[in-house]
Amino acid sequence: SQQGEEDPQALSIQEGENATMNCSYKTSINNLQWYRQNSGRGLVHLILIRSNEREKHSGRLRVTLDTSKKSSSLLITASRAADTASYFCATAMKTSYDKVIFGPGTSLSVIP
Amino acid sequence: KAGVTQTPRYLIKTRGQQVTLSCSPISGHRSVSWYQQTPGQGLQFLFEYFSETQRNKGNFPGRFSGRQFSNSRSEMNVSTLELGDSALYLCASSLEGANEKLFFGSGTQLSVL
């Protein structure tokens with residue numbers, strides 16, 4: 001079964017709007033990461049947030065982590081057509097230093 | 001610094017054949033992970049290698065195997081191919097493992113006919 005589950009599965013917004021994606025997981029983690037994948041290509045790392053951190057920013061990206069609720073959110077502000085992609089959360093569990101598990105992903109479409 | 005290189009980019013095989021995929025990690029990275037991506041199952045963890053040792057393995061049959069060489073390059077092998085093995089196979093490298101960000105290659109698209 002998946003360790004992480006993203007919500008929503010698909011999201012369609014207008015350029016300039018903000019996009020929020022959520023991720024829930026089941027077991028205690030060392031860190032949670034967000035990745036982006038453009039159609040049929042490799043994944044690109046966006047942000048890594050550790051279990052003792054609550055929020056991280058990178059450019060137009062903001063990630064929050066709530067370990068009590070076992071959830072994370074990725075906010076993309078002022079979206080652009082180039083942000084159209086699939087977004088995945090990935091978790092490294094406390095019991096494992098060698099395995100990163102990916103959720104099913106959120107497909108984001110930004111309409112110009 | 002060169003990124004993660006996967007070869008070949010595309011591969012077409014028939015059922016029953018075997019296939020070997022190659023992954024060259026970023027220089028200095030000792031951890032290499034392999035994932036299978038399909039529309040129905042998403043990204044599934046296959047295995048992870050560190051300094052030539054397999055440290056973890058996902059829930060795949062024994063037909064899926066891999067290895068890592070002393071220069072950290074890795075190969076994965078799938079024997080007796082089945083139609084369901086058609087997928088994008090992604091390799092990712094990192095310095096030490098799961099506590100750091102992963103750098104992905106562009107993947108090998110395998111089609112089994």
Side-chain angles (χ1 to χ4, degrees), chain A residues 1-10 21 23-25 27-53 56 58 61 63 65 74 85-107, chain B residues 3-7 9-10 23-26 29-51 53-60 66 68 86-111:
Chain A
S1 61
Q2 301 278 10
Q3 158 72 334
E5 297 279 344
E6 289 95 337
D7 171 57
Q9 289 187 334
M21 288 160 265
C23 171
S24 60
Y25 57 91
T27 61
S28 296
I29 59 171
N30 274 328
N31 67 65
L32 186 144
Q33 307 178 42
W34 286 91
Y35 290 81
R36 184 187 74 230
Q37 183 180 37
N38 291 93
S39 180
R41 305 304 300 268
L43 282 72
V44 174
H45 181 267
L46 297 175
I47 287 185
L48 182 153
I49 185 165
R50 301 198 185 278
S51 59
N52 60 352
E53 298 175 309
K56 284 191 88 168
S58 177
L61 306 180
V63 167
L65 179 65
L74 169 67
S86 292
Y87 291 81
F88 297 87
C89 74
T91 52
M93 294 183 284
K94 275 197 182 297
T95 56
S96 172
Y97 52 87
D98 48 27
K99 183 176 178 180
V100 177
I101 301 298
F102 285 79
T106 292
S107 177
Chain B
V4 178
T5 303
Q6 287 189 250
T7 57
R9 183 73 180 92
Y10 299 95
C23 172
S24 293
I26 290 173
H29 284 192
R30 294 193 292 170
S31 170
V32 174
S33 300
W34 288 89
Y35 292 85
Q36 180 196 65
Q37 186 177 29
T38 59
Q41 297 296 317
L43 276 149
Q44 300 290 313
F45 174 81
L46 279 157
F47 26 64
E48 190 263 5
Y49 287 88
F50 181 84
S51 293
T53 300
Q54 185 183 89
R55 296 195 296 187
N56 211 325
K57 189 178 192 308
N59 294 325
F60 280 83
Q68 187 180 35
S86 294
L88 179 66
Y89 289 87
L90 292 162
C91 158
S93 76
S94 69
L95 284 168
E96 300 284 339
N99 286 323
E100 302 149 350
K101 63 182 181 180
L102 303 180
F103 293 82
F104 280 83
S106 295
T108 294
Q109 184 67 55
L110 172 65
S111 296

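Quick caveat: nothing in here was measured; it's all calculated off a predicted structure. So you know, we letter chains A, B, ... as the sequences are listed, proteins then strands, and number each from 1.
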Chain A contact via [X] - side chain, backbone, both or neither, heavy atoms under 4.5 Å:
X: B:Phe50; value: neither
X: B:Phe103; value: neither
X: B:Leu90; value: side chain
X: B:Gln37; value: side chain

(request) Could you please state which residues from residues 44-52 of chain A sit under 4.5 angstrom from chain B, measuring non-hydrogen atom to non-hydrogen atom, sorted by number, or 'none'? (result)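 A:His45, A:Leu48, A:Arg50 fall under the 4.5 Å cut-off.
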
(message) Under the criterion side-chain contact (heavy atoms from CB on, under 4.5 Å), I'd like the reasoning laid out for A:Arg36 against A:Leu74: C-alpha separation, chi angles, the key distance, then a yes or no.
(response) CA-CA 11 Å; A:Arg36 184 187 74 230; A:Leu74 169 67; over 6 Å; no

(request) Report the option among B:Asn56, B:Val4, B:Asn59, B:Leu88 that has the most heavy-atom pairs separated by less than 4.5 Å from atoms of chain A. (result)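 Highest number of pairs under 4.5 Å: B:Asn56.
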
(request) Output the option from B:Gln109, B:Glu96, B:Lys101, B:Glu48 having the highest count of non-hydrogen pairs under 4.5 Å with chain A. (result)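 Of the candidates given, the most pairs with chain A belong to B:Lys101.
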
(request) Compare all side-chain heavy atoms of A:Thr27 with those of A:Tyr25 and state whether any distance is below 4.5 angstrom. (result)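 When only atoms from C-beta onward are counted, A:Tyr25 and A:Thr27 do not touch, as no gap falls below 4.5 Å.
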
(message) Quick check: do A:Pro104 and A:Glu6 have side-chain heavy atoms less than 4.5 Å from each other?
(response)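 The answer is yes, as the side chains (C-beta and beyond) meet within the 4.5 Å cut-off.
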
(message) Looking only at side-chain N and O atoms, does B:Gln6 offer a donor or acceptor that is under 3.5 Å from a partner on B:Ser106?
(response)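 Note: B:Ser106 and B:Gln6 side chains miss the donor-acceptor criterion.
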
(message) Distance alone, cut at 3.5 Å: any donor-acceptor contact between the side chains of A:Gln33 and A:Tyr35?
(response)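 Side chains of A:Gln33 and A:Tyr35: pair found under 3.5 Å.
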
(request) Would you indicate whether B:Lys57, at its atom NZ, is surrounded by more than 12 heavy atoms from other residues, nucleotides or ligands within a distance under 6.0 Å? (result)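 Yes, the 6.0 Å shell around NZ holds more than 12 heavy atoms from other groups.
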
(message) Please enumerate all residues that pass side chain to side chain contact (heavy atoms under 4.5 Å, CB included) together with B:Thr38, with sequence neighbours excluded.
(response)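 With sequence neighbours excluded, B:Thr38 shows a side chain to side chain contact (heavy atoms under 4.5 Å, CB included) to B:Gln36, B:Gln41, B:Ala87, given in chain and number order.
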
(request) Return the minimal non-hydrogen interatomic distance between A:Met21 and A:Trp34, and the atom names on each side. (result)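 Between these two residues, the closest heavy atoms are O-CH2, 3.9 Å.
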
(message) Once you measure the plane-to-plane angle for B:Tyr35 and B:Phe104, does it fall in the parallel (<30°), tilted (30-60°) or perpendicular (>60°) bin?
(response)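 Ring orientation, 0 to 90° scale: tilted.
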
